[in-house]
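Numbering of ligands and ligand atoms starts at 1, following listing order. In what follows, every heavy atom counts, from backbone to side chain, and hydrogens, waters and symmetry copies are set aside. Since the structure is predicted, the reported quantities are computational estimates derived from the model, not experimental observations.
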Amino acid sequence: MAPSSEFLATRIVAPVPLRGDPVVVELGPGTGVFTDRIQQRLAGRGRHIAIEVNRRFADRLVRRRPAVDVVIGDAAAIGGVLADRGCRTADVVVSGLPWALFPPARQQRTLDAIAAALAPAGVFSTFAYVHALWTPTARRLRRALCARFEEVVMERTVWANLPPATVYHCRRPVHSPGAA
Ligand SMILES: C[S@@+](CC[C@H](N)C(=O)[O-])C[C@H]1O[C@@H](n2cnc3c(N)ncnc32)[C@H](O)[C@@H]1O
């Protein structure tokens, strides 16, 4: 899969506040396209924790972005990662995870963990490719998001991404593990 474009990165990190000291968790940073944008928005404030399962990507990120707290592990461990750092919840969770490659049970487990880790006024942002929006996998993701968040807003298409993509901004977690 090609890395996401700067245009998609700008859209997906928009919920990162420009004031205060937010706790931002990034899932599946990969080569770091979203990471760089999050760092720009934070400009030294708050905390930026990145959870990446691939050691090679994680090691590269540690070298390139020393200000980011990089964890090698599974995104579903987000609750434990926050607790280890003395954080009760995350204010923003940004996902670069490849949902289409996740088996259903893993997707549900990971989304449950994200919803449980998010602050009541927090935002979870993730993306999907528009050419695949009507596939069963993409529809399952939308249903799973709607079951866990009171509000799921799909942004307009980012055409300047290969392939074109859209962003979901999810607010007000319902905190009901095992939902749909
Ligand atoms: C498609 S890449 C996206 C990278 C980048 N955010 C982007 O959009 O260009 C997906 C990344 O998620 C990571 N990943 C996949 N499953 C994961 C999991 N369960 N926990 C953490 N990271 C995971 C992969 O190793 C890969 O780096």
Side-chain angles (χ1 to χ4, degrees), residues 1-16 23-42 47-65 67-85 87 90 92-118 123-133 135 137-138 140-141 144-145 148 154-170 177:
M1 233 174 281
S4 299
S5 67
E6 298 288 336
F7 302 98
L8 180 60
T10 300
R11 294 271 191 90
I12 202 166
V13 308
V16 175
V23 175
V24 180
V25 180
E26 184 183 3
L27 306 174
T31 55
V33 179
F34 298 166
T35 315
D36 289 343
R37 277 283 187 271
I38 293 168
Q39 281 287 290
Q40 279 172 13
R41 279 185 82 86
L42 285 176
R47 297 186 78 142
H48 181 174
I49 303 163
I51 308 178
E52 169 58 61
V53 81
N54 181 307
R55 177 173 290 274
R56 204 162 50 87
F57 283 143
D59 287 347
R60 219 181 84 164
L61 213 55
V62 168
R63 285 196 303 275
R64 281 186 56 229
R65 288 289 177 197
V68 180
D69 181 359
V70 181
V71 177
I72 303 171
D74 186 349
I78 180 172
V81 168
L82 284 166
D84 287 348
R85 285 153 180 77
C87 301
V92 181
V93 177
V94 175
S95 167
L97 295 173
W99 294 115
L101 304 181
F102 278 29
R106 185 171 194 195
Q107 182 185 92
Q108 308 288 324
R109 196 170 57 244
T110 306
L111 288 171
D112 282 340
I114 293 167
L118 202 64
V123 185
F124 168 53
S125 298
T126 189
F127 72 94
Y129 295 123
V130 291
H131 70 271
L133 278 181
T135 62
T137 321
R140 188 181 70 221
L141 174 64
L145 293 175
R148 288 166 178 80
M154 187 170 90
E155 277 221 7
R156 64 187 188 280
T157 300
V158 182
W159 294 105
N161 193 73
L162 262 179
T166 186
V167 173
Y168 295 114
H169 293 300
C170 310

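Counting only distance, with no hydrogens or angles, the side chain of Thr166 and the backbone of Glu155 share a donor-acceptor pair below 3.5 Å. Asn161 places no side-chain N or O within 3.5 Å of a backbone atom of Ser4 that could act as its donor or acceptor partner. Judged by distance alone, the side chain of Arg11 and the main-chain N or O of Phe127 form no donor-acceptor pair under 3.5 Å. Looking only at distances, a side-chain donor or acceptor of Glu52 sits under 3.5 Å from a matching main-chain atom of Gly30. Judged purely by atom type and a 3.5 angstrom limit, Arg85 uses its side chain to pair as donor or acceptor with the backbone of Val81.
In this structure, CD on Gln40 lies 8.0 Å from OG1 on Thr10, to the nearest 0.5 angstrom.
Proximity of Leu27 to ligand 1, defined as any heavy-atom pair under 4.0 Å, is not found for any part of the residue. If you look at Ala9 next to ligand 1, there are no close heavy atoms at all, none under 4.0 Å.
Each of Thr31, Thr35, Asp59, Asp36 was compared with Arg64 under the side-chain hydrogen bond (donor to acceptor under 3.5 Å, both in side chains) criterion, and only Asp36 meets it.
Close approach of ligand 1 to Phe57 is summarised as follows: ligand atoms under 4.0 Å from at least one heavy atom of the residue are 27 (O). Under a 4.0 Å criterion applied to the non-hydrogen atoms of Pro3, ligand 1 contributes the atoms 9 (O). Close approach to Phe102 involves these atoms of ligand 1, each under 4.0 Å from a residue heavy atom: 16 (N), 19 (N). Those atoms of ligand 1 that come under 4.0 Å of a heavy atom in Ile51, given as number and element, are 21 (C), 22 (N). Counting atoms of ligand 1 from 1 in the listed order, those under 4.0 Å from a heavy atom of Ser4 are 7 (C), 8 (O), 9 (O). The atoms of ligand 1 that sit less than 4.0 Å from any heavy atom of Gly73 are 20 (N), 21 (C). Those atoms of ligand 1 that come under 4.0 Å of a heavy atom in Asn54, given as number and element, are 25 (O).
Side-chain contact of Gln108 with Arg148: a donor-acceptor pair under 3.5 Å is present, judged by distance alone.
In plain terms, the two heavy atoms of Leu97 and Thr110 that are nearest each other are CD1-CG2, 4.0 Å.
Checking Arg106, Glu52, Arg55 against atom 13 (C) of ligand 1, the nearest heavy atom belongs to Glu52. Considering only non-hydrogen atoms, atom 2 (S) of ligand 1 lies nearest to Gly96 out of Gly30, Gly96, Ala165, Pro29.
Looking at ligand 1, you'll find an N or O of Ala75 within less than 3.5 Å of one of its N or O atoms. Taking any N or O of Gly28, backbone or side chain, at least one lies under 3.5 Å from an N or O belonging to ligand 1. The shortest N or O to N or O distance between Asp74 and ligand 1 is below 3.5 Å. Polar contact check, Glu26 against ligand 1: no nitrogen or oxygen pair lies under 3.5 Å apart.
Using cut-offs of 30° and 60° on the angle between ring planes, the pair Tyr129 and His131 is parallel.
Put simply, no part of Ser95 is less than 4.0 Å from ligand 1, judged by heavy atoms.
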